Number of protein chains: 2
Amino acid sequence: MQTIEQHITTKGIRVTAMRLLIYKFLAERSNAVTLSDIEKAFDKVDRTTLYRTIKTFEDKGIVHQINEGSTGTKYALCKTNCKCELETDLHLHFHCNNCEETICLTDYKIPKVEVPDGFIAENANLVLKGICNKCS
Amino acid sequence: MQTIEQHITTKGIRVTAMRLLIYKFLAERSNAVTLSDIEKAFDKVDRTTLYRTIKTFEDKGIVHQINEGSTGTKYALCKTNCKCELETDLHLHFHCNNCEETICLTDYKIPKVEVPDGFIAENANLVLKGICNKCS
DNA sequence: AATATACGTGCAACAATAGTGCATTGGACT
DNA sequence: AGTCCAATGCACTATTGTTGCACGTATATT
């Protein structure tokens, strides 16, 4: 079991107080969050820092982004050994139209889909919308 | 074969010059467009009108929305008899990381996916990212 | 240890996208 | 024609995404 510090370090970025805070915030919840969710949680932190921290995390494969239709991108932690690869790692997301939460269903992978000749798929984003288990 | 006017009318909204223009603009291209794409195309039109027209179209099932990660929602016309239903109508979208175009692959349906107990999926949004046929 | 360097953070400003309220226009209907 | 309601346009506000710069702190170099 890696510590968060070790995990961040092995991804090739420095450990800072801010990054640990943001990481822990994300780790505490199973739902994807927007930048402003994080901003509200720590009212001392500058928006820009959050923005850049999340961007760094994304570049280094620590978080992934989800677009589910409501305005604003959401983010969630990747699993420890996720490489965000199409065939193996990409899971589906569920957006509840009632509570508006977006949940990572990490155990539900995106099925293999056919694409027309000439198209090369490298990445995928599948969001199901409906009613989640808490709201149904 | 329905005229555009008939199609709009049967969806339960009035035909106006603006709506015809926007409809035709969408019909002319196979790619999904953002609101500002439309805005640039008709520089006489107010953004608010576009925004509300698209919203009306969306509510009435004339267009569908696609979220593909780059900022801004994109829109494309639904097929004539599309009801935007999960099992039958929802097709996949392809976003090219090179030319940044988003293409409706209307003949490629979203495969049936399993969701955990308690979740009820009503809608889905699947965007593949990679290189399109023109750029590969 | 002292210095140089690179990185992280915060501030300020800007740009793009979303959304609302209100006055006016214009078509549909009697 | 006059009434009514939907559609449009204008002005304004809110939210989200983004960049440049200055400063401080951690890291590397000697």
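Not measured: the values here are computed from a predicted model. Numbered from 1 within each chain, the chains take letters A, B, ... in sequence-line order.
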**Request:** Can you tell me the distance, in whole Å, between the CG atom of L21(B) and the C1' atom of dT8(D)?
**Result:**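 Taking CG of L21(B) and C1' of dT8(D), I get 13 Å after rounding.
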**Request:** Measure the distance from NZ on K74(A) to C1' on dT15(D) and round it to the nearest whole Å.
**Result:** 15 Å
**Item:** Relative orientation of the end axes in the helix from dA1(C)-dT30(D) to dT30(C)-dA1(D), expressed as an angle to the nearest 10° (five pairs per end)
**Value:** 30°
**Asked** Are any side-chain N or O atoms of K109(B) and backbone N or O atoms of T106(B), one a donor and one an acceptor, separated by less than 3.5 Å?
**Response**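 Such a contact is found between K109(B) side chain and T106(B) backbone.
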Tabulate below the donor-acceptor pairs under 3.5 Å that side-chain atoms of residues 31-42 of chain B make, not counting sequence neighbours, or state none.
| residue | atom | partner | partner atom | Å |
| --- | --- | --- | --- | --- |
| N31(B) | ND2 | E101(B) | OE1 | 2.9 |
| T34(B) | OG1 | S36(B) | N | 3.4 |
| T34(B) | OG1 | S36(B) | OG | 3.3 |
| T34(B) | OG1 | D37(B) | N | 3.1 |
| T34(B) | OG1 | D37(B) | OD1 | 3.4 |
| T34(B) | OG1 | D37(B) | OD2 | 3.2 |
| D37(B) | OD2 | T34(B) | N | 2.9 |

Which atom pairs, donor and acceptor, lie under 3.5 Å between side-chain atoms of residues 52-62 of chain A and protein residues at least two apart or in another chain?
| residue | atom | partner | partner atom | Å |
| --- | --- | --- | --- | --- |
| T53(A) | OG1 | T49(A) | O | 2.6 |
| K55(A) | NZ | Y51(A) | OH | 3.2 |
| T56(A) | OG1 | R52(A) | O | 2.7 |
| E58(A) | OE2 | Q65(A) | NE2 | 3.2 |

**Request:** For DNA chain C, note the earliest and the latest nucleotide, 5' to 3', having some atom under 4.0 Å of a heavy atom belonging to chain B.
**Result:**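 For DNA chain C, the relevant span reads dT17(C) to dG21(C).
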**Asked** Transitive ILVMFWY cluster of V127(B) at side-chain heavy atoms under 4.5 Å: who else is in it?
**Response**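 I66(B), listed by chain and number.
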**Message:** Show every side chain to side chain donor-acceptor pair (under 3.5 Å) that has at least one partner inside residues 82-91 of chain A, sequence neighbours left out.
**Reply:**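 Qualifying pairs: H64(A)-H91(A), H91(A)-H93(A).
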**Prompt:** Is there any side chain to side chain donor-acceptor pair (under 3.5 Å) pair reaching into residues 17-26 of chain A, and which pairs are they, with sequence neighbours excluded?
**Reply:**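 Side chain to side chain donor-acceptor pair (under 3.5 Å) check on residues 17-26 of chain A returns H7(A)-Y23(A).
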**Message:** Which residues pass the side chain to side chain donor-acceptor pair (under 3.5 Å) test with D46(B), not counting sequence neighbours?
**Reply:**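 Once residues adjacent in sequence are excluded, the partners of D46(B) under the side chain to side chain donor-acceptor pair (under 3.5 Å) criterion are T48(B).
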**Item:** side chain to side chain donor-acceptor pair (under 3.5 Å) against S30(B), all qualifying residues, sequence neighbours excluded
**Value:**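 Side chain to side chain donor-acceptor pair (under 3.5 Å) list for S30(B), sorted by chain: empty.
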Can you give me every donor-acceptor pair (side chain of residues 110-126 of chain B, partner residue at least two apart or in another chain, under 3.5 Å) with its distance?
none

**Asked** What residues in residues 22-42 of chain B put a non-hydrogen atom under 4.0 Å from any atom of DNA chain C?
**Response** S36(B)
Contacts under 3.5 Å, N or O only, protein and nucleotides 20-28 of chain D:
| residue | atom | partner | partner atom | Å |
| --- | --- | --- | --- | --- |
| dG20(D) | O6 | R52(A) | NH2 | 2.9 |

**Message:** Tell me the closest heavy-atom pair linking N67(B) and E68(A), and the distance in Å.
**Reply:** OD1-C, 4.2 Å
